[in-house]
Amino acid sequence: METFQLIGYAGAFIIGLVMGITGSGGSAMAVPIFNYIFLMDMHSTTSHSLFVVGMSAATGVLLNYKRRTIDWRLALYLSIPMVVSVFLVRKYILPMIPTVLFEINIMELQITRDLVIMVFFGLLMAVGAILSIKRGKASYSSTSEIKKGPIFILLMGVGIGAITGITGTGGGFLIVPVLVVFLQCSMKKAIVTSLMIIALKSFVGFIGDLGSVDIDWILLLGFTAISITGLAIGIYSSQRIGESNLKKGYAYVILSISILVLGRELIHLI
């Protein structure tokens with residue numbers, strides 16, 4: 001096994017660890033690992049990422065179930081529109097996007113679908129991280145109430161579903177800030193509720209890809225098993241980490257990854 005692949009499998013453990021602690025960030029690392037280390041194209045990358053993140057998130061929900069930290073009402077309001085929009089995007093819209101979007105002949109540059117998706121992905125992570133950092137010092141109630149109304153939440157779900165369907169991400173880096181900032185969840189409740197939503201929409205997105213993408217099942221199942229191991233350790237550790245530290249850690253991990261992704265794409269473009 002090549003050194004790069006060993007790094008990729010080590011990354012699988014870190015993916016689970018971060019998801020267990022913060023309820024997000026799994027796809028933020030899975031997408032670059034499959035794309036940069038295992039050298040998959042973006043459609044295959046996003047498909048593999050959806051499966052890993054979905055399985056890890058589902059395991060996290062099961063491990064947290066007895067603690068009763070899932071806000072089922074919010075999970076339902078957000079999950080239904082997300083699941084529908086993710087499936088439609090993965091099944092019908094993404095396959096229609098050409099590999100090369102356009103060329104700049106003067107500079108001999110090709111603007112590809114993969115490049116645009118990765119830049120979009122990096123920018124979204126940066127926005128989610130900055131939003132969390134700015135709100136990091138605010139205090140939130142321990143119970144969540146739907147203060148923006150169900151229509152607002154449904155529209156938010158459609159938007160996040162469409163965005164994460166294109167990028168192949170679980171969307172925790174968007175879902176957690178929405179739950180905490182707009183819907184006033186405590187951070188620990190937001191983490192587990194986010195895992196529930198991520199699991200549902202990731203599996204639907206992956207199912208939408210079957211038949212249009214070649215899946216490396218040996219790599220995928222091994223990678224997922226390592227990620228789940230890290231997740232179990234992360235969940236155990238999160239119970240001993242304070243609320244404010246969870247918020248800070250989540251935000252800065254996502255911001256760091258977004259900078260790495262955007263930097264790599266910029267260097268590749270030049």
Side-chain angles (χ1 to χ4, degrees), residues 2-53 56-57 101 109-136 160 163-177 191 194 198 202 219-220 223-224 226-227 230-231 233-234 237 245-270:
E2 296 181 2
T3 302
F4 264 23
Q5 290 181 324
L6 288 173
I7 294 173
Y9 283 112
F13 180 81
I14 297 173
I15 286 170
L17 190 67
V18 171
M19 284 189 69
I21 294 174
T22 68
S24 64
S27 54
M29 287 178 285
V31 168
I33 287 172
F34 284 120
N35 187 228
Y36 299 157
I37 295 179
F38 292 106
L39 303 177
M40 295 182 179
D41 63 62
M42 274 307 298
H43 199 174
S44 295
T45 288
T46 53
S47 298
H48 285 70
S49 170
L50 284 170
F51 183 87
V52 171
V53 172
S56 299
L101 298 179
L109 289 178
Q110 280 191 339
I111 305 302
T112 65
R113 177 184 66 186
D114 291 0
L115 173 65
V116 172
I117 289 175
M118 288 303 290
V119 170
F120 185 47
F121 172 64
L123 290 173
L124 281 174
M125 285 193 296
V127 170
I130 291 169
L131 183 61
S132 295
I133 291 171
K134 285 185 176 181
R135 297 289 183 131
I160 295 175
I163 290 169
T164 56
I166 292 172
T167 59
T169 59
F173 61 92
L174 293 175
I175 297 170
V176 171
I191 286 171
S194 171
I198 289 168
S202 295
L219 166 64
L220 186 58
F223 195 96
T224 302
I226 295 171
S227 178
L231 180 130
I233 296 173
S237 301
N245 290 330
L246 276 175
K247 290 176 183 177
K248 290 179 183 177
Y250 157 79
Y252 284 109
V253 166
I254 299 302
L255 183 60
S256 299
I257 296 170
S258 71
I259 293 171
L260 290 174
V261 168
L262 291 171
R264 193 269 183 186
E265 294 304 320
L266 178 62
I267 292 171
H268 179 73
L269 183 62
I270 294 174

Atom CE of M42 and atom CZ of R113: how far apart are they, to the nearest 0.5 Å?
8.5 Å

Determine whether L262 and F121 make a side-chain contact, defined as any pair of heavy atoms from C-beta on separated by less than 4.5 Å.
no

Between F13 and I226, what is the shortest heavy-atom contact and its length?
N-CG2, 3.6 Å

Run the side chain to side chain contact (heavy atoms under 4.5 Å, CB included) test against V116 and tell me which residues pass, sequence neighbours left out.
L101, I111

Indicate the atoms forming the closest heavy-atom contact of S49 with A30, along with that distance.
OG-CB, 3.7 Å

For M118 and V31, which heavy atoms make the closest approach, and how far apart are they?
SD-CG1, 3.6 Å

Value rounded to 0.5 Å, distance of CZ in F120 from CD1 in I166:
6.0 Å

Under the side chain to side chain contact (heavy atoms under 4.5 Å, CB included) test, which residues partner I7, sequence neighbours left out?
T3, F4, I37

Passes side-chain contact (heavy atoms from CB on, under 4.5 Å), V261 versus Y36? Steps please.
CA-CA 10 Å; V261 168; Y36 299 157; 4.1 Å; yes

At their closest point, which heavy atom of A12 faces which heavy atom of I33, and how far apart are they?
N-CD1, 4.5 Å

Look at the rings of H48 and F34 and say which category their plane angle falls in: under 30° parallel, 30 to 60° tilted, over 60° perpendicular.
tilted

Okay, side chain of S227, backbone of F223: is any donor-acceptor separation there less than 3.5 Å?
no

Looking only at atom types and distance, does a side-chain atom of S56 sit under 3.5 Å from a main-chain N or O of V52, one as donor and one as acceptor?
yes

What is the distance from atom CG of L220 to atom OG of S44, rounded to the nearest 0.5 Å?
11.0 Å

Inter-residue atom distance L260.CG - M29.CE, 0.5 Å rounding:
11.5 Å

Rounded distance [0.5 Å steps], CD1 in I15 versus CG in L231
11.0 Å

Which distance, rounded to the nearest 0.5 Å, do you find between the OG of S237 and the CG of L17?
6.5 Å

